[in-house]
There are 2 protein chains.
Amino acid sequence: MTISEAAQHLGVSAHTLRYYEKIGLIRHVERAGGRRVYTSQDMAWLEFIMRLKVTAMPLARIKKIADLRYQGDATMDERKAMLLSHRENLKAEIVKLQGHLHALDRKIDDYTALQQQREQRETGENT
Amino acid sequence: MTISEAAQHLGVSAHTLRYYEKIGLIRHVERAGGRRVYTSQDMAWLEFIMRLKVTAMPLARIKKIADLRYQGDATMDERKAMLLSHRENLKAEIVKLQGHLHALDRKIDDYTALQQQREQRETGENT
DNA sequence: TGTTGACTTCGAGCATACTCCAACTTGTAC
DNA sequence: GTACAAGTTGGAGTATGCTCGAAGTCAACA
């Protein structure tokens, strides 16, 4: 897979993929005639990175997981612990957003009530 | 309420409150002897801003709602429409995060399975 | 009246995550 | 073999949202 194919597949730009390689999120990507060739393993790893990214994990923390991964199987427990911790954050985040959703609903209700008051005034129901 | 009280109450820094005033999220805050005095109405508005902020609305969009608010009641429909649209985004975001949570759970399961395999090898159950 | 400490303004600086540029190389198409 | 698209590198620049520093002001208390 070329860089532009990979980029399209992952929904990011080729620039971003080079950037991720530069900061070490993904390492020793093969080259053919100097050009990057992404294997299916590379893609699986990048997809996992994207998964962490969309759940608002900062690149610095993703980098830490990447570093551990490149150190080998001995770091598995630590990586699992990081994921478990991230899962808890994610669950808390979902609960928080649900709370904000309800608050937003109430605010919208306020607007609806104000609109109705205005309509009543305009149709002159009180005079 | 002084700026530091307001900041503490809202969970941001005084610097941030001045910044929000500078970019126009909140306007004509009273001064007493040159110092900001936040009224309960100011606080209600700032709390609403925070509510939007924690749901990942960019300051630029919040600014737009603030601009509309300062234009008066005539912009109520437009503001309500923005909130409705934001609510849809928020709902979609929650669904998305729930999906990512499940994906994360599966990844964690993978790690657990690998750990169990390793334990079996170490205790020599196969020889 | 002097000191303390929280406040003021303005502008510069910072962290994150890209995003772009310049100059050069490579593979394919004719 | 030459044109052209797509790729390469390193480094600089950008957008967002703060965050800090400098230099000065103000109120309250000893």
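Nothing here was measured: the structure is a model prediction, and the numbers come from that model. First the proteins, then the strands, lettered A, B, ... as listed; each starts at 1.
Checking dT19(C), dT9(C), dT8(D) against the side-chain heavy atoms of Arg36(B) singles out dT9(C) as nearest.
The distance from atom NE2 of His15(A) to atom P of dT9(D) is 13 Å, rounded to the nearest whole Å. Taking atom NZ of residue Lys63(B) and atom P of nucleotide dG17(D), one finds them 13 Å apart after rounding to whole Å. Computed from coordinates, the Met1(B) CE to dA6(C) P distance equals 17 Å when rounded to whole Å. The nearest whole Å value for the distance from the CG atom in Leu17(B) to the C1' atom in dA6(C) is 15 Å. Straight-line distance from the CG atom of Leu10(A) to the C1' atom of dC18(C): 16 Å, rounded to whole Å. As rounded to whole Å, 13 Å separates atom P of dT8(C) from atom CD of Glu30(B). With rounding to whole Å, Arg61(B) atom CZ is found 10 Å from dG17(D) atom P. Between Glu21(A) atom CD and dT8(D) atom C1' the separation is 11 Å, expressed in whole Å.
The CG atom of Leu25(B) sits 8.5 Å away from the OH atom of Tyr70(B) when rounded to the nearest 0.5 Å.
In this structure the side chain of Lys53(A) never reaches within 4.5 angstrom of the side chain of Met57(A), judged on heavy atoms.
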Considering only nitrogen or oxygen atoms on both sides, find all protein atoms under 3.5 Å from nucleotides 12-17 of chain C and state each distance.
{"residue": "dA17(C)", "atom": "OP1", "partner": "Leu59(A)", "partner atom": "N", "Å": "3.4"}
{"residue": "dA17(C)", "atom": "OP2", "partner": "Leu59(A)", "partner atom": "N", "Å": "3.2"}

What's touching nucleotides 25-30 of chain D from the protein side, N or O pairs under 3.5 Å?
{"residue": "dC26(D)", "atom": "O2", "partner": "Arg35(B)", "partner atom": "NH2", "Å": "2.8"}

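If you check every strand for non-hydrogen atoms under 4.0 Å, Ser13(B) touches nothing. Residue Ile3(B) is in sugar-phosphate contact alone, with no base atom involved, counting any heavy-atom pair closer than 4.0 Å across all strands shown. Arg31(B) comes within contact range of the sugar-phosphate backbone alone, with a heavy-atom separation under 4.0 Å but no base atom that close.
Leu59(A) and Tyr19(A) make their closest contact through CD1-CE2, 3.8 Å (heavy atoms, listed as atom of the first residue, atom of the second, distance). The minimum heavy-atom distance linking Ile49(A) with Tyr20(A) is given by the pair CG2-CE1, 4.5 Å. Nearest approach of Ile23(B) to Lys63(B), heavy atoms of both residues: O-CE, 2.6 Å.
Between Thr2(B) and dA6(C) there is no side-chain polar atom (N or O) within less than 4.0 angstrom of OP1 or OP2. For dT8(D), the OP1/OP2 oxygens have a side-chain nitrogen or oxygen of Arg18(A) closer than 4.0 Å.
Ion pairing between Glu21(B) and Arg18(B) fails under the 4.0 Å rule for side-chain N and carboxylate O. A salt bridge links Arg27(A) and Asp67(A); the closest N-O separation between the charged side-chain nitrogens and carboxylate oxygens is under 4.0 Å.
Residues His9(A) and Tyr38(A) keep their aromatic ring centres 6.0 Å or farther apart.
A single hydrophobic cluster is not seen to contain both Met43(A) and Val37(A); linkage of ILVMFWY side chains at heavy-atom distances under 4.5 Å, directly or through other members, places them apart.
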